[in-house]
There are 2 protein chains.
Amino acid sequence: MAYSLSSVSFNINQLKNSCASCNLHALCLPMGMSQHDLEQLDEIIQTKRRVHAGETLYHAGEPFHAIYAVRSGFFKSLLGSQEGREQVIAFHMSGEIMGMDGIASDTYMCDTVALEDSEVCLIQYHHLENILQSCNSIQHHFHKLMSREIMRDQNVMMLLGSMRADERLAVFLLNLSLRYSARGFSRHEFYLRMSRSDIASYLGLKIETISRIFSSFQAEGYLEVHQKHVIIKSLEKLQELLHQE
Amino acid sequence: MAYSLSSVSFNINQLKNSCASCNLHALCLPMGMSQHDLEQLDEIIQTKRRVHAGETLYHAGEPFHAIYAVRSGFFKSLLGSQEGREQVIAFHMSGEIMGMDGIASDTYMCDTVALEDSEVCLIQYHHLENILQSCNSIQHHFHKLMSREIMRDQNVMMLLGSMRADERLAVFLLNLSLRYSARGFSRHEFYLRMSRSDIASYLGLKIETISRIFSSFQAEGYLEVHQKHVIIKSLEKLQELLHQE
DNA sequence: CGACACCTTGATCTTTGTCAACATGTGTGG
DNA sequence: CCACACATGTTGACAAAGATCAAGGTGTCG
């Protein structure tokens with residue numbers, strides 16, 4: 001079974017050390033950016049960092065100094081509390097920005113962990129602020145990125161606050177499908193990089209519930225699951241799940 | 001019964017049209033801001049707007065052009081979905097910023113409604129971006145504000161994803177207590193500006209559940225409730241609720 | 001091949017939601 | 001200023017969704 005998606009995946013070795021030549025360009029940067037602006041960005045994004053699967057990129061409580069763009073790979077962010085609660089609050093894939101929660105208090109608020117071997121662009125925050133000062137379009141783009149993060153979180157609040165378990169999983173899968181397809185992968189077939197327990201935590205459910213709903217979706221013919229490999233048979237039916245009360 | 005807190009509340013009429021003289025200064029603006037910076041800010045924050053109780057400040061879908069600082073009063077923000085779901089995603093009190101979710105797509109994402117007669121400072125977004133370009137400290141402060149919004153939302157995700165109903169209400173009340181006390185009001189005694197159904201929606205619960213938990217908290221002697229008037233008898237006991245598993 | 005982590009499934013229990021009745025509060029018009 | 005109507009909040013009985021507990025299955029990696 002040729003489950004491998006690697007033929008379409010980003011080959012790190014081919015990537016030059018430049019935003020202009022990065023194939024995540026369209027995801028990560030504003031449209032119609034001038035050559036000059038791109039050069040400015042390249043100046044601060046010299047540092048790449050490899051993160052192995054299971055390795056933590058930054059820990060909650062660590063002093064904040066940089067944000068990260070996912071170049072390749074997959075991450076999860078975990079928020080802990082004094083009472084020992086722990087919850088997955090986000091999954092990040094290529095072209096997405098991590099660490100913006102650290103700006104508020106000069107301290108990262110969550111742990112961010114690679115779920116597979118990954119590479120990130122390290123963006124020194126004080127350098128970034130300098131660039132933003134001189135370049136209006138980058139500044140505006142950065143604000144959009146932060147605002148998009150707020151939107152994303154608010155949509156998750158909605159999901160957690162008002163949806164049933166099966167709806168939550170459907171939304172989760174549809175969202176992954178959308179994000180994979182935006183990156184040139186199939187919107188019908190992909191690998192889950194995270195464990196069932198990560199999904200459960202993210203969706204505010206228990207792992208057994210996730211397992212059961214996967215089974216029931218499969219029984220209904222909405223999808224096929226073989227461990228982490230998901231084939232969505234009918235995106236429409238998954239969507240209908242949300243509309244029917 | 002003299003429940004009135006108006007003796008401590010901000011008297012709008014006394015406020016001058018200036019950030020420098022605004023008594024929300026400490027909540028809203030960065031510490032140690034220079035006179036020059038303040039003057040710059042005052043330039044873009046000339047517009048105040050009164051919003052009557054029940055009135056909508058901005059609607060989801062409206063073109064985004066400004067963010068708002070609450071000068072006085074109390075707001076809620078509602079996120080709707082295609083499927084007709086609707087959820088309260090935030091309550092805003094004086095000194096807090098509203099509308100930053102609109103930056104991402106040049107469109108407000110939620111409805112924001114005054115829960116009592118209120119006044120806001122309107123901050124034209126393109127003016128703000130201009131100022132940020134020229135003033136590093138204001139730029140940094142603005143980023144902190146957006147980042148704080150992200151933190152807040154992530155904490156709500158945690159609450160919705162991993163806490164029991166009574167824990168959610170306890171966190172909600174403790175959070176209000178904290179915010180009131182930061183504004184010079186009693187941390188033990190305050191009015192809820194929102195309805196039970198707003199609270200329920202925000203906490204991802206049903207109104208009957210809220211009602212029951214208020215009753216049980218009262219039975220336990222944690223607090224006294226008379227409609228919207230809350231007297232917290234023991235902040236400690238409410239906090240302990242969270243620690244005991 | 002075996003150990004271990006991860007996942008699935010079933011039986012049962014708990015928490016919260018639902019439905020219904022009633023109480024209380026608020027605002028309006030007589 | 002009272003009476004009524006309507007919105008809002010409370011309480012109880014019951015139902016349902018999801019959690020918990022327990023057992024067993026499957027895959028992965030040394």
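Just so we're on the same page: letters track the sequence lines, and every chain starts at 1. These numbers come from the heavy atoms of this one structure, side chains and all, not from hydrogens, waters or symmetry mates.
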Check: residues 202-210 of chain A side-chain donor-acceptor pairs under 3.5 Å, at least two apart:
none

Taking only residues two or more places apart in sequence, or in another chain, which ones meet B:Phe214 in a ring-ring contact (aromatic ring centres under 6.0 Å, His included)?
none

Judged by atom type as modelled, is there a donor-acceptor pair below 3.5 Å linking the side chain of A:Asn175 to the main-chain atoms of A:Val171?
no

What is the separation between atom CG on A:Leu192 and atom C1' on C:dC6, rounded to the nearest whole Å?
13 Å

Can you tell me how far P of D:dA17 sits from CG of B:Leu205, to the nearest Å?
17 Å

For B:Ala60, which residues count as a side chain to side chain contact (heavy atoms under 4.5 Å, CB included) partner, sequence neighbours excluded?
B:Asp111

Find every protein N or O atom lying less than 3.5 Å from an N or O atom of nucleotides 2-5 of chain C, and list the pairs.
none

Whole angstrom is fine here: how far is it from CD in A:Glu167 over to C1' in D:dG18?
14 Å

Rounded to 10°, tell me the angle between the two end axes of the helix from C:dC1-D:dG30 to C:dG30-D:dC1, each built from five pairs.
40°

Could you tell me whether A:Arg152 and A:Glu149 have a side-chain N and a carboxylate O separated by less than 4.0 Å?
yes

I'd like to check A:Val120 versus A:Met98 (side-chain heavy atoms, cut-off strictly below 4.5 Å). Are they in contact?
yes

Could you list the residues that satisfy salt bridge (Lys or Arg N to Asp or Glu O under 4.0 Å) with A:Glu116, not counting sequence neighbours?
A:Arg193

Separation of atom CD1 in A:Ile210 from atom P in D:dA17, rounded to whole Å
16 Å

For C:dC6, does OP1 or OP2 lie under 4.0 Å from any side-chain N or O of A:Ser197?
no

Output all residues satisfying side chain to side chain contact (heavy atoms under 4.5 Å, CB included) with A:Asp166, sequence neighbours left out; order by chain, then residue number.
A:Arg164, A:Ile213, A:Phe217, A:Leu241

Euclidean distance, atom CD1 of residue B:Ile207 to atom C1' of C:dA21 [Å, nearest integer]:
15 Å

Spacing of A:Asp198 atom CG relative to C:dC6 atom C1', expressed in whole Å:
12 Å

Between C:dT16 (P) and B:Leu160 (CG): distance, integer Å:
13 Å

Sugar-phosphate, base or nothing in reach of B:Ser195, heavy atoms under 4.0 Å:
sugar-phosphate

For a quick test of reading the model, state the closest non-hydrogen atom pair linking A:His188 to A:Leu235 and the distance between them.
CE1-CD1, 3.5 Å

Using the test side chain to side chain contact (heavy atoms under 4.5 Å, CB included), find all partners of A:Glu55 that sit at least two apart in sequence or belong to another chain.
A:Arg49, A:Val51, A:His52

Without hydrogens or angle criteria, can the side chains of B:Ser94 and B:Ser72 be said to hold a donor-acceptor pair below 3.5 Å?
no

Rounding to an integer number of Å, can you tell me how far A:Asp166 CG sits from D:dA19 P?
12 Å

Listing request: all ring pair (Phe, Tyr, Trp, His ring centres under 6.0 Å) pairs with a residue in residues 65-90 of chain A, at least two apart in sequence or in separate chains.
A:Tyr58-A:Tyr68

B/S/- along nucleotides 20-30 of chain D (protein heavy atoms under 4.0 Å) is BB-----S---

What pairs meet the salt bridge (charged side-chain N to carboxylate O under 4.0 Å, His left out) rule with one or both residues in residues 211-229 of chain A, with sequence neighbours excluded?
A:Glu224-A:Lys233

SB check A:Glu96 A:Arg148 (cutoff 4.0 Å)
no

Among residues 74-82 of chain A, which ones have heavy-atom contacts with DNA chain C below 4.0 Å?
none

OP1 or OP2 of C:dT15 under 4.0 Å from side-chain N/O of B:Arg164:
no

